Structure formats: C-alpha cells, structure tokens
Amino acid sequence: MPIVYVCDTNSLIDVYRHYPEIFRHLRKLVSKGIIKIPEGVYREIRRKSDALRKRVDRWAEKFSEFVIYFKHDRKLMNTLKEVEEKYGEEIKVGKRHYNGFWKSPSGKRAADGQVVAIGKVYGYTVVSDDRAVRLACMLENVPCIGWAEFVRQIKGPEQLSLF
C-alpha cells in the first residue's frame with residue numbers, strides 16, 4: 001500500500017517555487033490518489049491568482065478525490081473539532097508552550113487543523129513545515145514530513161539532480 005500524503009498550503013507553494021517542473025509528476029500521483037489536500041487548503045490556494053492555482057483547480061476538477069471535504073464525514077468533523085480545541089490557541093509539549101494553529105496570519109481560517117485531522121483519521125502522512133502542525137502531528141501520533149522530504153520521497157535524490 002503506497003503512502004498517501006496530505007499537503008498544507010505552504011508545502012505546495014514551496015515545492016512549486018523550488019521545483020515547478022515536478023508538477024507533471026505530481027499530477028500523476030494526484031490521479032492515483034497518492035496526494036490529497038483538505039478543502040481549506042484548496043480555498044487558500046484559490047485566493048491566489050497564479051500558475052499553482054490553475055494547476056490545483058485542474059486537478060480538483062479532474063480528480064474528485066483530490067480535495068477532501070469535511071461536511072459529509074462525521075468522523076472527520078469530530079476529529080477536526082477535537083484537534084482544533086486541543087491545538088488551536090496553544091500547543092503544550094512537555095513543559096514548553098507554543099503558539100497554536102490560530103496564531104498564524106490566517107487565524108481561525110487556517111487549514112492546519114484540517115491537515116492534522118485528515119492525517120489522523122485516514123493514516124495519511126502530513127506534509128508541512130509549520131511548527132504548530134508538526135507538533136500537533138507528533139502529539140497525535142500522525143506521520144509528518146516537510147516539503148523537502150516529501151520531494152525526496154516522491155522523486156528520489158538521483159532524479160532531482162536532473163531538474
């Protein structure tokens with residue numbers, strides 16, 4: 001069974017900025033159901049008017065399972081509520097306290113909780129370099145990698161040198 005990745009907004013932006021030519025390969029992975037995004041990430045990307053938005057729009061139109069919607073999935077909705085209650089304002093790790101999801105520039109509109117909830121419910125690997133997301137994933141026992149490791153895993157270092 002292949003690893004399924006659920007990406008946050010910044011991870012897709014970072015991959016696009018560093019390796020725009022990898023997006024042909026990403027399209028194949030999206031078509032196979034290996035890469036997914038939550039509806040909040042889809043909305044965040046659609047607010048921008050650039051080439052990444054156009055690609056994500058095409059993928060969402062063509063591959064119905066690419067964007068994960070919460071409204072018809074009770075388990076996802078309940079898990080999202082639980083995750084946001086635990087980590088929205090503040091994240092406590094041992095004796096240290098960190099800003100939660102809602103302390104980002106997007107505030108309560110951020111899709112951070114959605115990414116963690118999807119990873120938790122479906123066992124997907126979260127792709128994010130956001131500290132709040134990474135800490136919440138660690139505390140919820142959800143696999144989480146950064147965008148650079150994501151690129152390495154889907155392409156392999158020997159193929160990246162070709163770009």
Side-chain angles (χ1 to χ4, degrees), residues 2-70 80 83-84 87-88 91 93 98-120 122-140 142-163:
I3 296 173
V4 176
Y5 301 95
V6 59
C7 300
D8 74 359
T9 304
N10 285 333
S11 66
L12 287 175
I13 291 169
D14 284 335
V15 171
Y16 188 74
R17 284 181 180 157
H18 290 84
Y19 296 107
E21 47 298 302
I22 203 172
F23 270 72
R24 282 193 186 123
H25 180 62
L26 290 184
R27 183 191 174 283
K28 292 175 191 171
L29 297 177
V30 168
S31 74
K32 294 177 181 178
I34 292 174
I35 298 174
K36 298 182 181 288
I37 60 172
E39 61 184 275
V41 168
Y42 184 54
R43 281 192 303 269
E44 285 179 6
I45 290 173
R46 294 199 76 226
R47 281 189 220 128
K48 313 254 189 247
S49 58
D50 59 7
L52 177 59
R53 175 190 175 178
K54 291 174 188 169
R55 287 178 189 257
V56 169
D57 272 342
R58 275 187 260 138
W59 293 347
E61 286 174 20
K62 190 163 184 158
F63 310 109
S64 62
E65 307 223 342
F66 171 57
V67 179
I68 298 173
Y69 293 94
F70 281 70
L80 175 61
V83 164
E84 288 195 333
Y87 310 115
I91 301 172
V93 181
Y98 298 93
N99 287 336
F101 304 142
W102 301 335
K103 300 294 182 174
S104 71
S106 299
K108 289 194 177 191
R109 293 181 311 165
D112 298 339
Q114 290 183 3
V115 174
V116 176
I118 290 169
K120 183 175 180 175
Y122 295 122
Y124 295 166
T125 297
V126 170
V127 181
S128 178
D129 283 304
D130 182 273
R131 179 167 47 186
V133 172
R134 294 177 71 83
L135 291 173
C137 284
M138 182 216 32
L139 294 169
E140 293 295 323
V142 173
C144 183
I145 60 175
W147 73 265
E149 175 62 13
F150 170 66
V151 170
R152 189 192 70 75
Q153 286 186 18
I154 62 169
K155 218 40 184 153
E158 64 284 348
Q159 292 182 23
L160 286 176
S161 63
L162 300 174
F163 294 126

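Not measured: the values here are computed from a predicted model. Both backbone and side-chain heavy atoms feed into the values below; hydrogens, waters and symmetry mates do not.
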4.5 Å side-chain heavy-atom contact, Y5 and Q153: yes
Side chain proximity check, R53 to R47, heavy atoms < 4.5 angstrom: no
Over all atoms of both residues, closest heavy-atom pair of E21 and H18: OE2-O, 4.3 Å
pair V126-F150: side-chain heavy atoms closer than 4.5 Å: no
Q114 versus L80, closest heavy-atom pair with distance: N-CD1, 3.5 Å
Contact check, side chains of E39 and I68, non-hydrogen atoms, under 4.5 Å: no
I37 and V56, any side-chain heavy atoms less than 4.5 Å apart: yes
Short side-chain to backbone donor-acceptor contact, D129 and W147, under 3.5 Å: yes
Expected output: side-chain T125 to main-chain P143 donor-acceptor under 3.5 Å: no
Non-hydrogen side-chain atoms of V6 and V127 separated by less than 4.5 Å: no
Trace of the salt bridge (charged side-chain N to carboxylate O under 4.0 Å, His left out) decision for D130 with R134: CA-CA 6 Å; D130 182 273; R134 294 177 71 83; over 6 Å; no
Output field: ring centroids W59/Y42 closer than 6.0 Å: no
Side-chain donor or acceptor of E44 paired with backbone N/O of T9 under 3.5 Å: no
I35 CD1 to I154 CD1 distance, which is reported to the nearest 0.5 Å: 5.0 Å
Point-to-point distance, once rounded to the nearest 0.5 Å, from CZ of F63 to CZ of R58: 10.5 Å
Heavy-atom check, side chain of Y16 versus side chain of F23, under 4.5 Å: yes
Polar contact flag, side-chain donor to acceptor under 3.5 angstrom, S11-D8: yes
Between CZ on residue R24 and CD1 on residue I22, distance to nearest 0.5 Å: 12.5 Å
Spacing of D14 atom CG and C7 atom SG [to the nearest 0.5 Å]: 11.0 Å
E140 side chain to V116 backbone, donor-acceptor under 3.5 Å: no
Non-neighbouring partners of K36 that pass salt bridge (Lys or Arg N to Asp or Glu O under 4.0 Å), sequence neighbours left out: none
Heavy-atom pair with the smallest gap, counting every atom of A111 and G40: CB-C, 3.6 Å
Partners passing side-chain contact (heavy atoms from CB on, under 4.5 Å) against L139 (at least two apart in sequence or in another chain): Y87, I91, V93
Non-hydrogen atoms of P38 and V115 that approach each other most closely: CG-CG2, 3.7 Å
Side-chain touch V30/I34, heavy atoms, less than 4.5 angstrom: no
Atom pair CG (D50) and CZ (R55), whose distance is rounded to the nearest 0.5 Å: 10.5 Å
From CD1 (I145) to CD1 (I3), nearest 0.5 Å: 7.0 Å
Non-hydrogen atoms of G100 and A132 that approach each other most closely: C-CB, 4.0 Å
